[in-house]
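If you're wondering where the values come from, they're calculated on a predicted model, not measured in any experiment.
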2 protein chains.
Amino acid sequence: MDWKEILSQHGYRLSEPRKRIMKLLANTETALGPQQIHQQLQGSNKIGLVSVYRTLDLLLELGLVTVVYDSQHNPGYMLGTIGHHHHIVCQNCSKALEFSGSDDINELVLRVEKETAFKVRDHILQLFGLCPECQKTLPQRA
Amino acid sequence: MDWKEILSQHGYRLSEPRKRIMKLLANTETALGPQQIHQQLQGSNKIGLVSVYRTLDLLLELGLVTVVYDSQHNPGYMLGTIGHHHHIVCQNCSKALEFSGSDDINELVLRVEKETAFKVRDHILQLFGLCPECQKTLPQRA
DNA sequence: ATGTGTGCAAATGCTTTGCAGTGCT
DNA sequence: AGCACTGCAAAGCATTTGCACACAT
């Protein structure tokens with residue numbers, strides 16, 4: 001089921017701004033903030049910054065979009081795939097990739113539940129580093 | 001080495017606002033935002049909101065304080081201990097506890113490096129759930 | 001035809017900056 | 001005494017809200 005169907009199934013309309021924002025996100029491999037999205041979309045016919053905010057809220061609520069933090073921990077938005085995923089973000093060019101990794105932290109979760117007596121129900125996990133391209137480009141460091 | 005020594009070693013002074021903010025953080029088991037800190041400190045002699053911002057920036061830079069996200073992913077500040085630590089945060093009362101856990105994700109990091117060809121250098125990891133008290137208080141759910 | 005969605009303008013709220021006075025060291 | 005630090009007021013931005021018009025359905 002693609003995003004257009006999800007929209008209409010929830011009673012929302014398929015408007016021009018929504019189409020253009022989704023298309024932009026689909027073609028971008030870094031997380032974008034509201035301002036950046038707005039700026040990128042100034043080309044043909046203008047789209048209001050307010051609509052960007054409202055559209056992002058909606059897409060987030062529908063789970064079509066995910067929050068991804070850049071290397072300075074500022075939030076941005078990316079297209080999300082179904083299921084629980086995490087992201088690895090390049091500290092140099094901000095390119096982000098998904099990886100599935102819930103299983104790998106199960107052991108950790110169990111240990112922490114034992115240690116702290118908390119009941120774990122959710123988590124944030126994100127990796128940062130250098131993408132293949134930036135590893136080549138940048139000078140080596142420790 | 002305690003925080004007062006760290007301050008002076010870096011050429012910073014031990015002022016009243018800094019003392020009071022550190023003391024508040026030391027006595028709080030949830031992450032606090034600038035506004036909340038300012039509000040909590042209105043009792044005796046007043047302290048400016050601006051000083052709260054500047055002090056937090058400084059403490060963060062010196063590594064005396066860490067950013068911890070609440071269950072809605074809003075950032076707050078907590079006293080940090082030395083070394084790499086993570087937090088588990090109660091979704092109900094926001095109480096947060098540290099746990100040491102870098103080792104546990106090494107395996108995950110290796111797998112992702114292999115999968116993505118990224119070089120991993122840092123990460124964000126935070127768990128959310130219910131603290132022992134809130135588990136008792138709240139009605140059970142799935 | 002109907003009511004959701006958009007764009008504009010204004011309001012709101014958090015954070016930063018400038019500057020003169022205060023108080024650590 | 002000297003200079004970092006504070007507090008106030010104002011500036012700066014990002015985000016939200018209200019409202020009349022536009023356009024999906």
Pick the nucleotide of DNA chain C nearest each of A/Thr55 and B/Asp57; which residue has the one closer to the 5' end? A/Thr55
When you check the gap from the basic side-chain N to the acidic O, do A/Glu16 and A/Arg20 get nearer than 4.0 Å? no
State whether the number of non-hydrogen atoms from other residues, nucleotides or ligands found under 6.0 Å of A/Lys95 atom NZ is greater than 12. yes
Over how many whole Å does the gap from A/Gln36 atom CD to D/dC13 atom C1' extend? 15 Å
Residue-phosphate contact under 4.0 Å: B/Gln35 side-chain N/O, C/dG13 OP1/OP2: no
Send over the distance from A/His38 NE2 to D/dC13 P, rounded to a whole Å. 17 Å
Side-chain N or O of B/Ser15 closer than 4.0 Å to phosphate OP1/OP2 of D/dC5: no
Distance, rounded to the nearest Å, where B/Arg20 contributes CZ and D/dC5 contributes P: 18 Å
Answer yes or no: does a side-chain N or O of B/Arg13 lie under 4.0 Å from OP1 or OP2 of C/dG23? no
Can you tell me if A/His123 and B/His86 form a side-chain donor-acceptor pair at under 3.5 Å? no
Using OP1 and OP2 only, check whether a side-chain N or O of B/Arg18 sits under 4.0 Å from D/dC5. yes
Can you tell me how far P of C/dT6 sits from CG of A/Asn45, to the nearest Å? 13 Å
How many Å lie between CG on A/Leu41 and C1' on C/dG7, as a whole number? 14 Å
Ion pair present between A/Arg111 and A/Glu115, side-chain N to carboxylate O less than 4.0 angstrom? yes
Heavy-atom nearest nucleotide on DNA chain C taken for B/Tyr53 and for B/Ser8; more 5' hit belongs to B/Tyr53
Between P of C/dG5 and CG of A/Leu58, the distance in whole Å: 7 Å
